[in-house]
There are 2 protein chains.
Amino acid sequence: MIKDDSIQKFLDELAGSSSTPGGGSAAAVMGAMGAALVSMVCNLTIGKKNYAEVEADMREVLGQSENLRLRLTGMINDDVGAFNQVMAAYGMPKNSDEEKARRTAAIQEALKRATQVPLSCAKVCFEVMQLAKRAAEKGNVNVVSDAGVAVLAACAALKSAALNVYVNTAAIKDQAFNRQKLAELDNVLANADSFTDGIYGLVKSKLISH
Amino acid sequence: MIKDDSIQKFLDELAGSSSTPGGGSAAAVMGAMGAALVSMVCNLTIGKKNYAEVEADMREVLGQSENLRLRLTGMINDDVGAFNQVMAAYGMPKNSDEEKARRTAAIQEALKRATQVPLSCAKVCFEVMQLAKRAAEKGNVNVVSDAGVAVLAACAALKSAALNVYVNTAAIKDQAFNRQKLAELDNVLANADSFTDGIYGLVKSKLISH
């Protein structure tokens, strides 16, 4: 599992001349860092006398952010697995018409499965962004910058995952499938930048006036 | 060194109830992932017959991206070190006026040093973004999405580092110092979003028409 590799090894493999791990895994790592930073803000808010009023809320956010972190950490590997399945399908024999048809069908099926990984990543990152907002608004102001980094990381991860959805849908011939998946993506992507800008502004204002 | 820790351990420590590692280290990791992805695009372009014309350019980009990756990887730890120096200064004795004055001076000095880490991170991420642009424009179109993820990661890292500059300057009393450092930051931050949007659009259009 990539998550058990050192950061240095992961970076070296990302930089190397193999297609995996690539941007899909990097997106999952960014999303997981975003979720982890939300958890950190919660952990540094819970139990503090000055934040007793928001403690129940921060406990709820923490439960959710840790769940999302677990899912995103799993996606670091899922992206590699999905890519390998697509490559395996492309590697199928194509000597007869029957083999060609079987290969084409396998490629299309693998591409559809591969679309689901970045789409799920994008949806989970959208949820991380919502939690980062609560952490930025209510969490310990001493670590509000970490809530800001959380939303930046989750938003970059969401948009990175979106690019990986486009990679796949561009090669999928089933247009009804593509319309459905791109609509699901647009649901979480549409206001991501303005949402992030809003939290960034809030965090910056808290830092400057603090 | 944090870079030798597993991704899982880093994420667990990020999420935990210690202030370090925090958003500053996460920013350095994001920036390093951005640089690594630029390198990957170069590595998958160099030596390809269809890209012979851009080979010299991609070799130059690769040399620079690997240098920036090395610097950003070092910054993962620098952020923790700078924070610990600030905390050590806050922990100095304050029983007499003399001790108080010495402590205040030490805090201010540590904060100034601590400002330099995220400011350097922001500047290096700005350079990664320029390289990601060249990789997106000229690199192997089969991995153009990775150039897109590179610019998203580097931009999120730059803005994250900016928040960590504000954390420090808000507590620094030397306004001339703050003006100078914030001007340096604005130089790299000013057009970061529109620059990133431009590359994101380019990458998306190449993916859809590819």
Side-chain angles (χ1 to χ4, degrees), chain A residues 1-8 10-12 14-19 22-24 26-27 29-30 32-40 43-44 46 65-66 69 73 76 142-143 145-146 148-150 152-153 155-157 159-160 162-164 166-167 170 193 197 200 203-204 207-210, chain B residues 1-8 10-12 14-19 22-24 26-27 29-30 32-40 43-44 46 65-66 69 73 76 142-143 145-146 148-150 152-153 155-157 159-160 162-164 166-167 170 193 197 200 203-204 207-210:
Chain A
M1 300 283 278
I2 295 172
K3 70 183 176 65
D4 301 315
D5 289 341
S6 71
I7 292 172
Q8 181 68 63
F10 175 68
L11 290 169
D12 289 344
L14 207 57
S17 57
S18 162
S19 296
V29 171
M30 278 193 280
M33 289 198 295
L37 286 166
V38 170
S39 298
M40 173 186 159
N43 277 321
L44 286 165
I46 293 166
S65 60
E66 285 297 274
R69 176 160 79 92
T73 307
I76 304 172
N142 290 329
V143 284
S145 67
D146 297 290
V149 176
L152 290 166
C155 184
K159 294 176 78 177
S160 297
L163 292 178
N164 283 285
Y166 302 140
V167 168
D193 279 329
D197 286 348
Y200 190 82
V203 169
K204 190 177 165 183
L207 288 175
I208 288 171
S209 67
H210 181 48
Chain B
M1 299 282 276
I2 294 173
K3 71 183 176 66
D4 301 315
D5 289 341
S6 72
I7 293 172
Q8 182 68 63
F10 175 68
L11 290 170
D12 289 344
L14 208 55
S17 56
S18 161
S19 296
V29 171
M30 279 193 279
M33 289 199 294
L37 286 166
V38 170
S39 298
M40 173 186 160
N43 277 320
L44 286 166
I46 293 165
S65 59
E66 286 297 277
R69 176 160 78 92
T73 307
I76 303 172
N142 290 328
V143 283
S145 67
D146 297 291
V149 177
L152 289 167
C155 183
K159 294 175 77 178
S160 297
L163 292 178
N164 283 285
Y166 302 139
V167 168
D193 278 327
D197 287 347
Y200 189 82
V203 169
K204 190 178 165 182
L207 288 175
I208 288 171
S209 67
H210 178 47

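Letters A, B, ... mirror the listed sequences (proteins, then strands); counts begin at 1.
Contacts between B/Asp193 and chain A at a heavy-atom distance below 4.5 Å involve the side chain alone, from C-beta outward. Only the side chain of B/Thr73 comes within contact range of chain A, with at least one heavy atom under 4.5 Å from a heavy atom of that chain. Contact annotation for B/Asp5: only backbone heavy atoms (N, CA, C, O) come within less than 4.5 Å of a heavy atom of chain A. Neither the backbone nor the side chain of B/Ser65 comes within less than 4.5 Å of any heavy atom in chain A.
Residue A/Ser17 comes nearest to B/Asn43 through the heavy atom pair CB-CB, 3.7 Å, listed as atom of the first residue, atom of the second, then distance.
You'll find the side chain of B/Ile7 reaches within 4.5 Å of the side chain of A/Ile7, heavy atoms only. Using a 4.5 Å heavy-atom threshold, the side chains of A/Val29 and A/Ile2 count as separate. Residues B/Leu152 and B/Met30 have side chains not in contact (no heavy-atom distance under 4.5 Å, counting atoms from C-beta outward). In this structure, the side chains of A/Leu37 and A/Met40 come closer than 4.5 Å at one or more pairs of heavy atoms.
Counting heavy-atom pairs closer than 4.5 Å to chain B, the top residue among A/Phe10, A/Tyr166, A/Tyr200 is A/Tyr200. Your options are A/Val203, A/Asp146, A/Asn164, A/Ile76, and the one with the most heavy-atom pairs under 4.5 Å with chain B is A/Asp146. Among B/Leu44, B/Ile46, B/Asp4, the residue with the largest count of heavy-atom pairs under 4.5 Å with chain A is B/Leu44.
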Trace of the salt bridge (charged side-chain N to carboxylate O under 4.0 Å, His left out) decision for B/Lys204 with B/Asp197: CA-CA 10 Å; B/Lys204 190 178 165 182; B/Asp197 287 347; over 6 Å; no

